Amino acid sequence: MHGFANPKRFLTLASWLTPLLLMAGLVLSAGALWWGLTQVSPDRLMGETVRILFLHVPAAWLGMGGWTAIAISSLVYLVWRHPLAALAARAAAVPGLVFTLICLVTGSIWGRPTWGTWWVWDGRLTSMLVLSFLYAAYIALAQAAAREGVSARIPAIFGLVGAINIPIINRSVVWWNSLHQPPSITMGNSAIDGEYLAPLLVAVVGFSLIFGGIVLARMRALLADIQAEARLRRRASEAV
């Protein structure tokens, strides 16, 4: 892990891995969406609206996965002072927020014909909405810490505390009486028909690769900003 703490080594790896992840993710995601939107049969109960599954579910998983990445990176930064861990957490926040918002929007669109309403204060929906607020707060806090030049420990601690919401989202449909359907995929078992499961898994892999590529691209951009600022400060001190 510490071998990639060297920014030069990280940039060498990320320079070829970023486009590879993005291209592979785009191909798989496009193929999965085409497969799911045009090739699978309508559901017996939900009809054509079931096709939103192939965007909604990957977005939900990556919304939670983004904060999990923030929490892990924050822990690595706090315990091992890994120099790139704080950047990784910041880089995961924006795509995590975007996927969370996609999940909320597509869930509302799906809920309208299924439940007869755009929104209910259901445990799963409410905890996912809370996650979007946590993302917005983390992004603002991390940007403020970077702008003021203070320690990244504060956003890292916030990232760990906010992770409490992830198991709440995951177990909400089990703990509370919920309109949202129970877990469809569990360890070693799936309630989803194979016709839908195959393109869904391809979509999850594809969007996950896109997520990884965006995180690497954002880490490279954040690292470039830090290096440029360091050079400006060095030149300013030399001029004095």
Side-chain angles (χ1 to χ4, degrees), residues 21-69 94-133 135 165-214:
L21 291 176
L22 290 174
M23 290 301 299
L26 287 172
V27 170
L28 286 176
S29 299
L33 290 177
W34 171 82
W35 186 0
L37 295 177
T38 65
Q39 301 303 304
V40 301
S41 305
D43 183 73
R44 181 173 61 86
L45 297 176
M46 292 181 284
E48 298 290 350
T49 61
V50 73
R51 300 185 192 281
I52 205 168
L53 167 83
F54 304 107
L55 180 58
H56 175 72
V57 172
W61 286 359
L62 288 172
M64 293 187 289
W67 196 278
T68 302
V94 171
L97 174 59
V98 170
F99 277 110
T100 300
L101 294 177
I102 291 173
C103 169
L104 290 170
V105 171
T106 55
S108 294
I109 295 172
W110 198 0
R112 182 65 180 87
T114 305
W115 299 336
T117 182
W118 295 100
W119 182 265
V120 291
W121 292 103
D122 174 88
R124 172 63 62 85
L125 277 66
T126 303
S127 54
M128 204 69 188
L129 180 64
V130 169
L131 180 62
S132 69
F133 295 152
Y135 269 121
N165 192 45
I166 300 302
I168 294 175
I169 296 173
N170 181 261
R171 305 303 296 170
S172 58
V173 293
V174 176
W175 291 342
W176 299 298
N177 184 24
S178 174
L179 275 177
H180 196 284
Q181 68 186 56
S184 299
I185 300 177
T186 56
M187 293 297 293
N189 190 28
S190 171
I192 302 177
D193 186 270
E195 183 181 10
Y196 300 99
L197 183 61
L200 175 60
L201 293 179
V202 175
V204 169
V205 173
F207 282 112
S208 297
L209 293 177
I210 292 175
F211 185 94
I214 293 173

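This structure is a prediction, so every number in the text was calculated from the model and none was measured.
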Quiz prompt | Residues which pass side-chain contact (heavy atoms from CB on, under 4.5 Å) with Ile168, listed by chain and number, not counting sequence neighbours | solution = Ser127, Ile164, Asn165, Trp175, Trp176
Self-check item: All side-chain contact (heavy atoms from CB on, under 4.5 Å) counterparts of Ile52, not counting sequence neighbours
Solution: Thr106, Ile109, Trp110
Side-chain touch [X]/[Y], heavy atoms, less than 4.5 angstrom:
X      : Y      : answer
Leu22  : Leu209 : no
Ile166 : Thr68  : yes
Met128 : Thr100 : yes
Leu33  : Phe207 : yes

Side-chain donor-acceptor contacts of residues 195-206 below 3.5 Å, not counting sequence neighbours, with atom names and distances?
from, atom 1, to, atom 2, distance (Å)
Glu195, OE2, Ser41, N, 2.8
Glu195, OE2, Ser41, OG, 3.1
Tyr196, OH, Ser41, O, 2.5
Tyr196, OH, Pro42, O, 3.4
Tyr196, OH, Asp43, N, 3.3

Working to the nearest 0.5 Å, report the span between [atom1] of [X] and [atom2] of [Y].
X      : Y      : atom1 : atom2 : answer
Asn170 : Trp61  : CG    : CH2   : 10.5 Å
Thr38  : Arg51  : OG1   : CZ    : 7.5 Å
Ser108 : Leu125 : OG    : CG    : 6.5 Å
Leu55  : Ile102 : CG    : CD1   : 6.0 Å
Leu129 : Leu101 : CG    : CG    : 9.5 Å
Ser132 : Phe99  : OG    : CZ    : 15.5 Å

Quiz item: Do side-chain atoms of Ser172 reach the backbone of Ile169 as a donor and acceptor pair under 3.5 angstrom?
Solution: yes
Quiz item: Where the side chain of Tyr135 meets the backbone of Gly63, is there a donor-acceptor pair that is under 3.5 Å apart?
Solution: yes
Exercise. For Val98 and Phe211, run side-chain contact (heavy atoms from CB on, under 4.5 Å): C-alpha distance rounded to whole Å, both residues' side-chain angles, the deciding distance at 0.1 Å, then the answer.
Key: CA-CA 10 Å; Val98 170; Phe211 185 94; over 6 Å; no
